[in-house]
Chemist: 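Before I ask anything, let me first share the structure, which is written out below as structure tokens.
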Amino acid sequence: MNKPINIFEYGSLAIQHLSQMAQDYYASGAWDEITLQDNRTAYERYKLRPRMLVNVSQRNLTTKILGQHIKMPILIAPMAFQCLAHPEGELATARVAADLGTIMVLSTMSTKSLEDVALAPNVPKNFWFQLYVHRDRALTRALVERAEAAGYQALCLTVDAPILGIRERDRRNKFTLPSDMELANLKSMANLEIPQTEDESGLFAYVADQLDPALTWRDIDWLQSLTSLPIVVKGILREDDAIRAVEHGAKGIIVSNHGGRQLDGAIATLDALPEVVAAVGHQVDVLMDGGIRRGTDILKALALGAKGVLVGRPVLWGLAVNGEAGVHHLLELLRDELEVAMALSGCAKIENIDVSLVRQFSS
């Protein structure tokens, strides 16, 4: 089989390697999936304005996020249940992140434990731990303590899921994990698992029962009392929320609508990015996720003020198609596309990218 030459080809091939339940879980958005689609089409509303006659013979993609030096501004987003794509799941993804010198954000709902993932690569690691706050605050505290003890460099607090968005594909499939998989971070601590249900997604039932819908800004203060790790708030789409996150001590913000999986009709992340950057971009690092499929998408996000982007679904496609090698190749494709796009836009290094490179047009 010839290697895919772009991310879209990985997406087409991944379908052949995934069960229907896994494919629908990874691909689905909330309700009519309008926001899911808009995350992609938003990039078409921004056009590039390349500079000419700039020396781009030597190019450098390195950058720094939360003080961590990384080799490219492409991070791996937190994604649950990666073993649905490949038996090595999060372990394979972690090895790729370490090898490529970037940051992986591990999900609370990973199918490999946070300790096993932290030990997977034999090189220095830049891992963050994504946190869902459970109703059981002792359980949440224990997760934070385990992440810090295992050497994770930041906590990534997801704030856009007080309840789970209605994903009709998961509801139709009555989504649950196969019997040979588990919530590796939670099963051993509290015997928690995704239930099987008669007429609902098991994940929807889990979130309704276990995650805390009463989470408020004060809980960021509480988390900071538990750990010395910097807190990155994921799920911000408005300037006032961005300002409040900074006021409560967040060191980073991820502009995100949960991949279009929560509130359908929410603003596309690329459209929300400039407002958040204008509000707090001089105080904290602002990142974004949602719909990244090309190096030009990344360039547009960086031009609008993001310090980096997080890639989600495509990583799962690479994992499904060819495990660790697939993820490695897929991220190399994105990195190389970004480098070419930078060169053709007159940017030899990340610091040369600014808002003058893009102009927004109505759709």
Side-chain angles (χ1 to χ4, degrees), residues 6-8 10-12 14-15 18 20-47 77-81 107 132 158-175 199-205 207-208 211 213 233-242 253-277 286-294 296-298 300-301 304-306 309-317 358-363:
N6 59 48
I7 275 65
F8 298 104
Y10 266 106
S12 297
I15 297 172
L18 295 168
Q20 188 65 53
M21 183 178 288
Q23 164 63 16
D24 284 346
Y25 171 71
Y26 287 155
S28 64
W31 281 307
D32 298 311
E33 301 186 343
I34 294 168
T35 298
L36 174 68
Q37 300 303 321
D38 201 32
N39 274 353
R40 275 297 306 143
T41 56
Y43 294 97
E44 299 174 12
R45 295 192 284 271
Y46 292 84
K47 308 301 181 183
M79 295 165 286
F81 315 146
S107 172
Y132 284 117
T158 295
V159 297
D160 60 4
I163 62 174
L164 202 69
I166 295 177
R167 305 165 193 174
E168 293 181 349
R169 298 198 221 183
D170 288 348
R171 173 178 282 181
R172 184 175 299 110
N173 294 329
K174 301 180 179 61
F175 175 84
D199 56 2
E200 184 53 85
S201 157
L203 182 59
F204 188 94
V207 170
L211 300 194
V233 177
K234 178 178 180 290
I236 299 297
L237 294 170
R238 301 164 48 116
E239 67 172 337
D240 52 352
D241 278 347
I253 286 172
I254 301 175
V255 177
S256 175
N257 55 33
H258 216 105
R261 293 159 72 81
Q262 283 297 96
L263 177 64
D264 201 23
I267 187 173
T269 49
L270 193 69
D271 289 332
L273 177 63
E275 176 180 328
V276 173
V277 169
V286 176
L287 301 96
M288 68 150 287
D289 64 19
I292 298 289
R293 300 292 184 270
R294 286 286 189 185
T296 49
D297 299 339
I298 301 169
K300 291 172 184 179
L304 290 172
V309 302
L310 294 94
V311 177
R313 288 179 177 93
V315 171
L316 298 170
W317 299 340
V358 291
R359 180 170 296 167
Q360 183 179 8
F361 291 83
S362 59
S363 56

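No hydrogens, no waters, no symmetry mates; every other heavy atom, side chains included, goes into these values. Count residues from 1 along the sequence. The shown structure was predicted, so the numbers you read here are calculated from the model rather than taken from an experiment.
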Chemist: Which residues satisfy the side-chain hydrogen bond (donor to acceptor under 3.5 Å, both in side chains) test with Arg40, sequence neighbours excluded?
Modeler: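 Asp297.
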
Chemist: Which residues pass the side-chain contact (heavy atoms from CB on, under 4.5 Å) test with Ser107, sequence neighbours left out?
Modeler: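 Residues passing side-chain contact (heavy atoms from CB on, under 4.5 Å) with Ser107: Pro78, Ala80, Met109, Gln130.
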
Chemist: Using the side-chain contact (heavy atoms from CB on, under 4.5 Å) criterion, which residues pair with Ile236? Sequence neighbours excluded.
Modeler: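 Expected list: Val159, Trp217, Val233, Asp241, Ala242, Ile253, Val276.
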
Chemist: So does Glu275 get a backbone contact from the side chain of Glu239, meaning a donor-acceptor N/O pair under 3.5 Å?
Modeler: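 The answer is no, because no donor-acceptor pair under 3.5 Å joins these two groups.
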
Chemist: Sequence neighbours left out, what passes side-chain hydrogen bond (donor to acceptor under 3.5 Å, both in side chains) with Tyr25? Give chain and number order.
Modeler: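 Per chain and number, Tyr25 pairs via side-chain hydrogen bond (donor to acceptor under 3.5 Å, both in side chains) with no residue.
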
Chemist: Please examine the side chains of Asn257 and Ile267, heavy atoms only from C-beta on, and report whether any two atoms are closer than 4.5 Å.
Modeler: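 The answer is no, as the side chains (C-beta and beyond) never meet within the 4.5 Å cut-off.
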
Chemist: Could I get the full list of side-chain contact (heavy atoms from CB on, under 4.5 Å) partners for Asp24, not counting sequence neighbours?
Modeler: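 With neighbours one apart ignored, the set is Gln20, Arg169, Asn173.
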
Chemist: Quick one: pull up CZ in Phe81 and OH in Tyr26 and give me the separation to the nearest 0.5 Å.
Modeler: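 Between atom CZ of Phe81 and atom OH of Tyr26 there are 9.0 Å.
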
Chemist: Between Leu304 and Val277, does a side-chain contact (heavy atoms from CB on, under 4.5 Å) hold up when you go through it step by step?
Modeler: CA-CA 8 Å; Leu304 290 172; Val277 169; over 6 Å; no

Chemist: Answer yes or no: is there a side-chain heavy-atom contact under 4.5 Å between Gln262 and Leu164?
Modeler: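 With C-beta onward as the side chain, the pair touches.
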
Chemist: Heavy atoms only: give me the nearest Glu44-Lys47 pair and the separation to one decimal.
Modeler: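 Closest pair (atom of Glu44, atom of Lys47, distance): O-NZ, 2.9 Å.
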
Chemist: Between Thr35 and Gly265, is there a donor-acceptor pair closer than 3.5 Å when you use the side chain of the first and the backbone of the second?
Modeler: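 At least one qualifying donor-acceptor pair exists.
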
Chemist: Restricting to non-hydrogen atoms, name the atom on Ala42 and the atom on Ala268 that form the minimum distance, rounded to 0.1 Å.
Modeler: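 Shortest heavy-atom contact: CB-CB, 3.8 Å.
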
Chemist: Considering only heavy atoms from C-beta outward, does the side chain of Arg294 approach that of Asn6 to under 4.5 Å?
Modeler: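 Of all side-chain heavy-atom pairs linking Asn6 with Arg294, at least one is under 4.5 Å.
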
Chemist: Is the backbone N or O of Gly259 less than 3.5 Å from a side-chain atom of Asn39, with the two atoms forming a donor-acceptor pair by type?
Modeler: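 Such a contact is absent between Asn39 side chain and Gly259 backbone.
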
Chemist: Do Val255 and Leu237 have side chains that get closer than 4.5 Å, going by heavy atoms?
Modeler: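 Of all side-chain heavy-atom pairs linking Leu237 with Val255, at least one is under 4.5 Å.
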
Chemist: State whether a side-chain donor-acceptor pair under 3.5 Å links Ser256 with Asp289.
Modeler: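 Yes, a side-chain donor-acceptor pair sits under 3.5 Å.
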
Chemist: Do Glu168 and Ser28 have side chains that approach each other closer than 4.5 Å (heavy atoms only, starting at C-beta)?
Modeler: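 They are not in side-chain contact.
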
Chemist: Are the side chains of Tyr43 and Leu270 in touch, meaning some heavy atoms are under 4.5 Å apart?
Modeler: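 Sidechains of Leu270 and Tyr43: in contact.
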
Chemist: Among all residues two or more places apart in sequence or in another chain, which pass the side-chain contact (heavy atoms from CB on, under 4.5 Å) test with Ile34?
Modeler: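 Expected list: Asp32, Asp264.
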
Chemist: Just how far is it from atom CH2 of Trp317 to atom CD1 of Ile15, taken to the nearest 0.5 Å?
Modeler: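 The CH2 atom of Trp317 sits 8.5 Å away from the CD1 atom of Ile15.
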
Chemist: If we only count heavy atoms from C-beta on, is the Arg261 to Glu33 side-chain gap below 4.5 Å?
Modeler: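 No; the side chains remain at least 4.5 Å from each other.
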
Chemist: Could you check if a side-chain atom of Gln360 sits within less than 4.5 angstrom of a side-chain atom of Tyr46, using non-hydrogen atoms only?
Modeler: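 In short, these two side chains touch, coming nearer than 4.5 Å.
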
Chemist: To the closest 0.5 Å, what do you measure between CG (Leu263) and CD1 (Ile166)?
Modeler: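 Answer for the CG-CD1 pair, Leu263 versus Ile166, is 11.0 Å.
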
Chemist: To the nearest 0.5 Å, tell me how far Arg171 CZ sits from Leu203 CG.
Modeler: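 Here the interatomic distance stands at 12.5 Å.
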
Chemist: Distance check, rounded to the nearest 0.5 Å: His258 atom NE2 versus Thr269 atom OG1?
Modeler: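 Reported value, rounded in 0.5 Å steps: 13.0 Å.
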
Chemist: Roughly how far, to the nearest 0.5 Å, is the CG atom of Leu36 from the OG1 atom of Thr41?
Modeler: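 Thr41 atom OG1 to Leu36 atom CG measures 10.0 Å (nearest 0.5 Å).
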
